[in-house]
Amino acid sequence: MRPLAALVVCGLALGAGCSPNASETDSASANDTPAGTKATVHEALAMPAQPTLNPADFRSAQVCAACHPNHAGEWATSRHAFAMKDPVFRKLVALRQTELDGREDQFCTQCHSPIGTRGGECVSGFDFASLSPIVLEGVTCETCHKASAIVRTHNSGLQIDPSGPLRAGIQEPTPNKTHDAAPTGLLSGANFCATCHDVYETSGVPLERPYAEWLESPAAAAGQTCQDCHMARYDGKAALTGPERKGLHRHRFVGADPPLTTATSDAQRAEMIAARDALMATAAEIRIDLDPAASAGTPLDVHVTAKNR
């Protein structure tokens with residue numbers, strides 16, 4: 001989630017209750033909770049009470065970079081790579097931990113590090129300093145490429161299969177000795193992005209709904225997905241030893257805001273900002289018309305026309 005939206009998360013969470021769909025919530029039972037206290041919020045898929053996977057079963061992006069330097073290098077400058085390191089996000093998590101006494105410590109991390117939250121590291125009272133490197137990678141390569149199904153289009157709705165093949169849109173992956181690979185259309189749909197980018201508070205209040213908004217947009221009507229704009233296509237090699245391919249996706253995940261914290265160079269950050277500006281220039285048109293007859297001391301009519309492109 002974006003930092004400003006995360007601030008709203010912290011505020012609304014103070015009155016947290018049920019999830020949008022009560023069947024998706026399996027909060028601690030009353031028998032496990034002392035009288036007069038509130039239960040820790042858990043949910044079977046994304047905020048489990050007990051670990052459902054092992055973080056050690058996932059490879060680091062640094063491993064992926066050996067064969068996929070372009071994609072890994074682009075990811076390293078993206079918001080996904082800094083999902084667990086962004087200083088504003090960490091401050092907001094700390095605020096939520098304090099205000100809610102640790103009852104909802106998995107809420108933000110269910111999307112910012114699904115591996116850590118489902119793997120038992122992001123639990124009530126967790127400290128960022130104690131998390132393993134793979135968990136601190138946030139939305140890392142295998143978070144998406146180990147996804148096997150879309151369970152729901154919000155709140156970390158992906159099914160992740162650590163024992164399965166690495167999945168991608170390449171229809172004829174090159175056999176290799178490093179990992180099994182399988183073609184899938186799963187990653188190409190806007191609903192794939194929705195699984196983390198549409199966020200509902202535990203009370204059911206929608207905090208972010210870009211997918212829901214996209215469904216009503218000209219882009220959806222034209223068949224344009226999230227990936228078409230935020231993961232520009234190019235021709236080249238997906239892997240160092242692979243063939244030349246057409247229509248590969250960039251992995252910068254260009255959006256409205258580049259990472260606040262980055263270990264990259266000033267030149268790379270400037271490139272990210274330029275990509276952001278280029279994207280925003282194609283997103284909308286805004287025209288401002290002023291009343292030419294207005295004079296000092298009189299009301300000024302300002303007409304603003306916005307067009308979603």
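Everything numeric here is computed off the predicted structure, so don't read it as measured data.
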With rounding to the nearest 0.5 Å, note down the distance linking [atom1] in [X] to [atom2] in [Y].
{"X": "Cys64", "Y": "Glu137", "atom1": "SG", "atom2": "CD", "answer": "8.0 Å"}
{"X": "Ile115", "Y": "Asn54", "atom1": "CD1", "atom2": "CG", "answer": "10.5 Å"}
{"X": "Cys229", "Y": "Gln224", "atom1": "SG", "atom2": "CD", "answer": "5.5 Å"}
{"X": "Gln110", "Y": "Cys196", "atom1": "CD", "atom2": "SG", "answer": "7.5 Å"}
{"X": "Arg90", "Y": "Gln97", "atom1": "CZ", "atom2": "CD", "answer": "11.0 Å"}
{"X": "Glu244", "Y": "Lys237", "atom1": "CD", "atom2": "NZ", "answer": "6.0 Å"}

Is there a donor-acceptor pair under 3.5 Å between the side chain of [X] and the backbone N or O of [Y]?
{"X": "His179", "Y": "Pro165", "result": "no"}
{"X": "Thr109", "Y": "Cys122", "result": "no"}
{"X": "Asp235", "Y": "Gly247", "result": "yes"}
{"X": "Ser124", "Y": "Gly102", "result": "yes"}
{"X": "Arg152", "Y": "Asn155", "result": "yes"}
{"X": "Gln171", "Y": "Gly169", "result": "yes"}
{"X": "Ser217", "Y": "Ala220", "result": "yes"}
{"X": "His230", "Y": "Val254", "result": "yes"}
{"X": "Arg276", "Y": "Asp257", "result": "no"}
{"X": "Ser113", "Y": "Val135", "result": "yes"}

Q. With a 4.5 Å heavy-atom cut-off, do Thr117 and Ser156 have their side chains touching?
A.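 Counting from C-beta outward, Thr117 and Ser156 never come under 4.5 Å.
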
Q. Can you check whether Lys146 reaches Pro162 side chain to side chain, under 4.5 Å on heavy atoms?
A.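 Side-chain contact under 4.5 Å: no.
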
Nearest heavy atoms of [X] and [Y], plus distance in Å:
{"X": "Phe107", "Y": "Val199", "value": "CZ-CG1, 4.0 Å"}
{"X": "Asn191", "Y": "Thr153", "value": "CB-CG2, 4.0 Å"}
{"X": "Val123", "Y": "Gly120", "value": "CG1-O, 3.4 Å"}
{"X": "Glu201", "Y": "Leu207", "value": "CG-CD1, 3.9 Å"}
{"X": "Pro48", "Y": "Gln106", "value": "O-NE2, 3.2 Å"}
{"X": "Ala44", "Y": "Thr52", "value": "O-CG2, 4.4 Å"}

Q: Could you tell me which residues satisfy salt bridge (charged side-chain N to carboxylate O under 4.0 Å, His left out) with Arg118, sequence neighbours excluded, listed by chain and number?
A: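 Expected list: none.
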
Q) Testing Lys38, His42, Arg96 for side-chain hydrogen bond (donor to acceptor under 3.5 Å, both in side chains) with Glu104, which one passes? A)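 Among the candidates, only Arg96 passes.
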
Is the count of non-hydrogen atoms from other residues, nucleotides or ligands lying under 6.0 Å from [X] atom [atom1] greater than 12?
{"X": "Leu240", "atom1": "CG", "result": "yes"}
{"X": "Glu285", "atom1": "CD", "result": "yes"}
{"X": "Asp180", "atom1": "CG", "result": "no"}

Can you get from [X] to [Y] by hopping between Ile, Leu, Val, Met, Phe, Trp and Tyr side chains that sit under 4.5 Å apart?
{"X": "Met84", "Y": "Phe58", "result": "yes"}
{"X": "Leu187", "Y": "Ile150", "result": "yes"}
{"X": "Leu279", "Y": "Met231", "result": "no"}
{"X": "Phe253", "Y": "Leu186", "result": "no"}

Q | Distance-only donor-acceptor check, side chains Glu208 and His197, under 3.5 Å | A |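 There is no such pair between these side chains.
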
Q: Would you kindly say whether Thr225 and Gln227 are connected by a side-chain donor-acceptor distance under 3.5 Å?
A: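 Distance-only check passes for Thr225 and Gln227.
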
Q: Would you please classify the geometry between the His71 ring and the His68 ring as parallel, tilted or perpendicular, with 30° and 60° separating the classes?
A: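 Ring orientation, 0 to 90° scale: parallel.
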
Q. Can the positive tip of Arg250 be found less than 6.0 Å from the middle of the six-membered ring of Tyr234, inside 45° of the ring normal?
A.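 Geometry flag: set, cation within 6.0 Å and 45°.
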
**Q.** Sequence-distant partners of Phe128, ring pair (Phe, Tyr, Trp, His ring centres under 6.0 Å), two or more places apart
**A.**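 In terms of ring pair (Phe, Tyr, Trp, His ring centres under 6.0 Å), with neighbours along the sequence ignored, Phe128 is linked to Phe126.
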
Q: Could you walk me through whether Arg209 and Asp198 pass the side-chain contact (heavy atoms from CB on, under 4.5 Å) test, one step at a time?
A: CA-CA 5 Å; Arg209 52 191 303 276; Asp198 271 29; 4.1 Å; yes

